[in-house]
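The structure appears below as structure tokens.
As the structure lists them, so they are numbered: ligands from 1, and atoms in each ligand from 1.
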Amino acid sequence: MSFFNGQSPLAYDPEAQGLAFRHYDPEEVVMGKRMEDHLRFAVAYWHSFAWEGGDPFGGRTFDRPWFDGGMEAARMKADAAFEMFEILGVPFFCWHDADIRPEGDTFAESKANFDAIIDLFEEKMEASKVRLLWGTANMFSSRRFMSGAATNPDPDVFAWSAATVKTCLDATHRLGGQNYVLWGGREGYETLLNTDMGAELEHMGRFLSMVVDYKHKIGFEGTILIEPKPQEPTKHQYDYDVATVYGFLQRFGLENEVKVNIEQGHAILAGHSFEHELALARELGVLGSIDMNRNDYQSGWDTDQFPNNVPEVALAYYEILKAGGFATGGTNFDAKLRRQSLDPEDLIAAHAGAMDVCARGLKAAARMIEDGALEEARKARYAGWETPEAKAMLTSDLDTIAERVLAEGIDPQPRSGRQEILENIVNRYV
Ligand code: XLS
Ligand code: NI
Ligand code: NI
């Protein structure tokens with residue numbers, strides 16, 4: 001049975017009027033690599049197949065045949081998901097445990113449901129080309145996690161969370177996942193009046209260390225990723241942004257073990273741009289993967305819209321290309337339809353459009369790099385640091401430098417930052 005009305009796989013056809021890719025040609029070579037291998041697209045199971053279209057003022061708007069039901073419904077959902085992967089030709093997908101299996105009455109029952117779906121995925125993945133970009137655990141939806149998972153004041157929730165991550169990491173390993181993601185969920189707090197912040201941070205650090213140890217124990221070769229987000233669901237989230245996460249990793253000696261999964265919308269919520277977060281992660285050596293979406297600039301919450309802003313996406317891929325591209329990471333569409341977009345066709349169109357936007361962004365980024373004008377200008381701006389006197393300062397001390405300023409009569413002359421000229425260069429390509 002087809003959920004997508006027998007839709008055939010989308011073709012690359014720049015002239016097409018209907019459902020097709022107008023810019024994404026997986027085979028096109030960009031800077032020596034196939035576009036598919038650069039972008040490494042993934043569909044997010046939760047938004048596309050588990051989300052019901054609710055908002056704070058109203059519940060379910062979507063009508064999906066798998067919404068109410070147990071294992072049979074979960075299998076139907078998997079059929080629809082794999083049908084869509086095939087139509088889009090995406091190389092990857094991502095899941096939380098809670099997206100793919102019905103919750104049981106006990107941990108053991110939930111685990112049995114989960115393992116049965118992982119068996120099904122294994123079969124389906126053998127029959128198709130799609131692979132797992134990452135798995136993760138949903139440790140925020142159930143009321144059990146209302147005060148956090150690893151940072152919960154109740155040690156039984158810590159234990160439950162450890163068992164959950166073990167189960168999800170085992171499954172990710174079994175399916176050949178490229179990464180394993182930990183997004184903070186409710187690792188944060190609502191009020192300091194009831195919170196022991198020191199204990200919570202300590203527990204979170206221990207928890208992450210155990211995850212890393214377990215990864216090595218089972219021989220999982222993927223990357224462990226943390227996904228920063230500043231607020232929502234809790235008022236104060238401990239994984240605020242890339243800089244905060246890096247400080248945390250350093251504190252627990254994990255900066256060479258864990259990388260970051262950066263989401264566009266989370267960067268905006270943190271008061272940064274996407275490219276800021278990407279550039280910082282690259283400079284710190286922790287750039288892992290991206291959650292591609294678009295955030296509303298006025299709302300103040302995580303709107304998870306499909307991307308449609310080519311200039312923004314181009315600057316993001318510019319930073320990724322400068323980092324040498326993805327290793328185990330990829331472009332996961334952590335994006336959902338608007339709740340009035342009811343039809344199966346909307347889901348296909350949303351992904352196809354987003355893939356085209358990313359393709360345009362990638363191609364523009366590659367041309368900016370090949371053109372070299374931006375990097376030349378950046379280099380020229382710092383050229384003064386190439387001189388031996390300037391280099392010597394970095395291993396010198398304040399009084400030696402002060403003496404030189406007096407002796408040589410140093411008198412800095414301000415120079416233009418040329419921002420508008422550089423923006424005009426970017427505008428040639430986007
Ligand atoms: C929520 C996060 C979530 C993670 C996976 O805001 O983006 O979807 O990507 O848990
Ligand atoms: Ni995300
Ligand atoms: Ni998000």
The Ni ion (ligand 2) to [X]: nearest N/O/S atom name:
{"X": "D291", "result": "OD2"}
{"X": "E227", "result": "OE2"}
{"X": "D334", "result": "OD2"}

- Query: Any salt bridge between R75 and D79, counting N to O under 4.0 Å?
  - Reply: no
- N-O pairing of E28 and K363 below 4.0 Å: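 Result for this pair is yes, salt bridge flagged.
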- Task: Start with the C-alpha distance between Y429 and Y318, add both sets of side-chain angles, then the distance that settles ring pair (Phe, Tyr, Trp, His ring centres under 6.0 Å), and finish with yes or no.
- Result: CA-CA 12 Å; Y429 297 102; Y318 188 78; 9.7 Å; no
- In D302, the N/O/S atom nearest the Ni ion (ligand 3) carries the name OD2
Hey, can you tell me if [X] and [Y] have their rings parallel, tilted or perpendicular (30° and 60° cut-offs)?
{"X": "W46", "Y": "H96", "answer": "perpendicular"}
{"X": "H173", "Y": "F220", "answer": "perpendicular"}
{"X": "W183", "Y": "F140", "answer": "perpendicular"}
{"X": "H276", "Y": "H272", "answer": "parallel"}
{"X": "F333", "Y": "H351", "answer": "perpendicular"}

Short N or O distance, [X] and ligand 1, threshold 3.5 Å exclusive:
{"X": "E263", "result": "yes"}
{"X": "N261", "result": "no"}
{"X": "D334", "result": "yes"}
{"X": "D304", "result": "no"}
{"X": "H47", "result": "no"}

Check ligand 1 against [X] and write out every atom of the ligand that is under 4.0 Å from a heavy-atom position of the residue.
{"X": "H96", "answer": "5 (C), 10 (O)"}
{"X": "W46", "answer": "8 (O)"}
{"X": "D291", "answer": "9 (O)"}
{"X": "K229", "answer": "1 (C), 6 (O)"}

- If you have a sec, work out which protein heavy atom is nearest atom 2 (C) of ligand 1 and how many Å separate them, to one decimal? E227 OE2, 3.3 Å
- Does E232 come within less than 4.0 angstrom of ligand 1, counting non-hydrogen atoms of the residue?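 Heavy atoms of E232 never come under 4.0 Å of ligand 1.
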- Of the non-hydrogen atoms in F326 and I290, which two are nearest, and what is the gap between them? CZ-CG1, 3.7 Å
- Message: Angle at the Ni ion (ligand 3), NE2 of H266 to OE2 of E263, rounded to 10 degrees, please.
- Response: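 Seen from the Ni ion (ligand 3), NE2 and OE2 are separated by roughly 80°.
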- Item | Option passing ring pair (Phe, Tyr, Trp, His ring centres under 6.0 Å) with W95 (candidates F114, Y180, F49) | F114
- Message: What's the separation between atom CZ in R339 and atom CD in E52, rounded to the nearest 0.5 Å?
- Response: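 So the CZ of R339 and the CD of E52 are separated by 11.5 Å.
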- Query: Would one find an N, O or S atom of D304, in either backbone or side chain, under 2.8 Å from the Ni ion (ligand 3)?
  - Reply: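 No.
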